[in-house]
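To start, the structure under review is shown below, and the notes come after it.
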Amino acid sequence: MSGTSLNAARRRDDLAALAREPVDLLIVGGGVTGAGVALDAASRGLSVALVEAHDLAFGTSRWSSKLVHGGLRYLARGDVGLARESAIERDVVMRVIAPHLTRSLPQLIALRPDLSPRLAALTFAGLGAGDVLRRAAGTPGSVLPRPRRVSAQEALALVPGLNPDGLRGGLLSFDGQLIDDARLVVALARTAAGFGAKILTRVRMTSLGSPLLARDELTGTEFAIDARAVVNAAGVWADQLVDSVQLRPSRGSHLVLDGAGLGVTGTALTVPIPGHFGRYLLVLPQQDGRVYLGLTDEPVDGPVPDVPAVPQSDVDFLLGTAATVLRKPLRESDVLGAFAGLRPLVAGSSERSADLSRHHAVLPGPDRVVTVVGGKLTTYRKMAEDAVDAVVRLAGLAAGPCRTRRLPLVGAGPRDRLAAVEAPARLVARYGVEAPRVAAAGEVDPDLARPLAPGIEVTEAEVLWAVRHEGALDADDVLDRRTRIGLVAADANLVRDRVTGVIRAAMDS
């Protein structure tokens with residue numbers, strides 16, 4: 001492997017090389033699918049370039065629920081195949097690909113009067129079926145324990161914020177949680193770069209015809225790309241590049257709340273949505289003490305925005321549904337931030353986006369262009385494998401077999417090794433075995449080790465690392481993708497000037 005660092009200097013060199021040298025495969029889109037395709041293809045020995053109009057994880061990939069889930073919802077709908085695929089891919093991500101970016105998340109379903117004993121029994125049976133898939137995938141109980149019933153007293157100990165009125169116990173299960181979905185994308189891109197892939201942000205494709213045309217968004221320079229094949233992994237924008245692709249975007253909204261104030265810290269809440277068996281609202285505690293409350297599933301019409309807005313109807317629905325199980329009344333003033341992502345679902349006959357398939361689709365097209373859409377974050381690796389298999393067949397590329405099932409990302413290591421890394425636990429959870437290198441800058445200059453602001457744990461050392469090794473080019477890249485400070489606008493405004501100063505100094509050095 002060559003170096004895994006992404007930065008402005010490497011971007012400049014790779015961009016110049018792409019303008020003059022052919023590549024086997026061009027990938028359009030820097031989300032989890034595109035980065036996954038880049039790693040799959042580059043690790044098979046293909047020459048690869050990935051271009052992204054904005055930044056890594058700019059689109060849907062940073063707006064997920066941050067779960068690597070086993071597909072319980074799909075099991076409830078009878079889609080055993082998709083649930084099984086989810087369980088298998090969850091195991092690969094949690095135990096091989098990115099143990100440092102994942103953890104076991106306890107999830108509690110409160111047994112309250114609105115959940116009848118019959119529905120509770122059906123739900124627990126579903127959890128048991130999900131556990132069968134967990135064991136079939138090879139995930140040990142030490143990583144994801146089996147589900148069990150808990151008493152009302154234990155339920156309140158796990159989630160102190162639960163409303164105790166009418167509480168008769170709970171159903172406790174475990175699923176995978178990502179520390180940060182955007183960091184997974186960055187790690188994928190860096191690992192692909194280690195296999196020689198050119199990872200180019202701020203490069204927009206203007207034509208996927210013949211010739212392939214692109215524009216450097218930083219300079220306005222337009223140039224042609226010589227590639228034997230193309231994978232369109234532009235997500236919810238994929239149909240803008242290939243006319244034959246038909247998508248039905250679905251909006252998934254989340255609210256950001258204070259975990260301690262809500263009484264939800266270590267254990268998540270899974271709240272059944274009345275009248276929709278198998279659909280749940282999630283109250284998800286995060287590493288930084290915040291809670292993400294989500295999510296909706298609403299069809300979206302019209303032009304696709306760069307950053308989707310959360311409508312008031314989604315805010316009202318999320319707060320109202322969560323309030324049915326929580327002790328504290330929820331008000332809009334409790335909302336610290338909000339975010340929404342658009343799922344790139346393949347169009348179908350149903351008007352309800354919740355009924356559209358979550359299977360991914362690999363769609364060969366003209367000019368050796370393969371589009372990959374649909375699916376979900378958990379199964380990104382399988383999506384990438386299928387897309388590369390298809391493009392290799394279509395273009396007759398000479399490639400080796402897929403390697404990503406056994407390929408750890410930068411920073412990854414076995415959990416026992418991660419536990420022994422000599423660095424703050426918060427850094428290990430975000431950078432894995434690279435955490436000591438991130439912290440080293442603060443050891444040389446103590447000012448770099450100080451948090452950016454009270455209540456914000458991110459340090460200047462992390463900002464420097466983002467610029468020198470993770471491809472961040474400006475403050476938004478750092479605030480919104482390399483860290484998640486930007487999810488709360490007040491926090492981002494508080495530290496923006498300081499982050500901008502660190503970036504400027506790093507770029508000048």
Side-chain angles (χ1 to χ4, degrees), residues 27-41 50 52 56-75 77 79-94 97-98 102 133 137 175-176 178 181-182 184-185 188-189 231-239 241-242 245-252 295 297 299-300 304 341-348 350 353-365 369-391 402 404-405:
I27 300 148
V28 183
V32 71
T33 304
V37 171
L39 176 56
D40 187 294
L50 178 150
E52 159 60 43
L56 296 171
F58 182 84
T60 304
S61 294
R62 64 168 158 148
W63 303 130
S64 77
S65 298
K66 320 293 184 278
L67 295 177
V68 186
H69 65 83
L72 184 62
R73 173 184 172 184
Y74 314 126
L75 200 59
R77 295 175 55 172
D79 195 338
V80 178
L82 186 54
R84 179 177 178 273
E85 180 179 87
S86 295
I88 291 171
E89 294 303 316
R90 175 184 64 184
D91 179 74
V92 176
V93 172
M94 292 191 72
I97 291 176
T102 58
L133 292 180
D175 213 337
L178 276 170
D181 46 8
L184 175 67
V185 178
L188 282 164
V231 169
N232 173 15
V236 75
W237 297 279
D239 56 352
L241 295 173
V242 176
V245 174
Q246 295 186 351
L247 300 180
R248 182 62 163 142
S250 164
R251 183 183 63 247
L295 75 163
D297 197 337
V300 175
V304 176
L342 300 181
R343 306 173 183 91
L345 302 181
V346 180
S350 176
S353 59
D355 294 331
L356 294 178
S357 173
R358 265 49 178 179
H359 287 271
H360 63 272
V362 177
L363 309 171
V369 176
V370 169
T371 298
V372 54
V373 288
K376 51 209 174 295
L377 185 147
T378 302
T379 58
Y380 84 86
R381 191 209 63 82
K382 187 64 168 62
M383 294 171 63
E385 179 182 355
D386 291 348
V388 176
D389 284 346
V391 80
C402 177
T404 53
R405 187 183 290 267

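Residue numbers run from 1 in the order of the sequence given.
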Supply the atom-to-atom distance [X] [atom1] to [Y] [atom2], rounded to the nearest 0.5 angstrom.
X    : Y    : atom1 : atom2 : result
D91  : I97  : CG    : CD1   : 10.0 Å
R251 : D297 : CZ    : CG    : 10.0 Å
R248 : R343 : CZ    : CZ    : 13.0 Å
L345 : S250 : CG    : OG    : 5.5 Å
L39  : E385 : CG    : CD    : 12.0 Å

| field | Intermediate values then yes/no, side-chain contact (heavy atoms from CB on, under 4.5 Å), D386 and V372 | value | CA-CA 9 Å; D386 291 348; V372 54; over 6 Å; no

For [Y], does its backbone N or O pair with a side-chain atom of [X] as donor and acceptor, under 3.5 Å?
X   : Y    : answer
R62 : F58  : yes
D40 : R381 : no
S61 : V32  : yes

| said: Could you check whether any side-chain heavy atom of L82 comes within less than 4.5 Å of a side-chain heavy atom of K376, counting everything from C-beta outward? | reply: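 With C-beta onward as the side chain, the pair touches.
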
| field | Beyond-backbone contact of R405 with E89, side-chain heavy atoms, under 4.5 angstrom | value |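 A side-chain contact under 4.5 Å exists here.
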
| query | Taking only residues two or more places apart in sequence, or in another chain, which ones meet D239 in a salt bridge (charged side-chain N to carboxylate O under 4.0 Å, His left out)? | reply |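 With neighbours one apart ignored, the set is empty.
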
Looking at every heavy atom in both [X] and [Y], which two are closest together, and how far apart are they?
X    : Y    : result
L188 : A35  : CB-CB, 3.7 Å
A361 : V346 : CB-CG2, 3.9 Å
A83  : L133 : CB-CD1, 3.7 Å
T404 : C402 : OG1-SG, 3.2 Å
D175 : V68  : OD1-O, 3.2 Å
A87  : A137 : O-CB, 3.6 Å

| said: Applying side-chain hydrogen bond (donor to acceptor under 3.5 Å, both in side chains), can you list everything that pairs with T371, at least two apart in sequence or on another chain? | reply: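 N232.
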
| field | side-chain hydrogen bond (donor to acceptor under 3.5 Å, both in side chains): pairs with one or both residues in residues 30-39, sequence neighbours excluded | value |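 Matches after skipping sequence neighbours: none remain.
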
With sequence neighbours left out, what residues match [X] under side-chain contact (heavy atoms from CB on, under 4.5 Å)?
X    : value
V304 : V236, W237, Q240, L342
L377 : S64, L178, D181, L184
A390 : V362, V370, R393

| task | Please report the C-alpha distance between H359 and D79 in whole Å, then the side-chain angles of each, then the deciding distance to 0.1 Å, and finally whether the side-chain contact (heavy atoms from CB on, under 4.5 Å) criterion is met. | result | CA-CA 10 Å; H359 287 271; D79 195 338; 2.8 Å; yes

| query | Would H69 and Y74 count as a close aromatic pair, with their ring centres under 6.0 Å? | reply |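 Yes, they do, as the ring centres are separated by less than 6.0 Å.
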
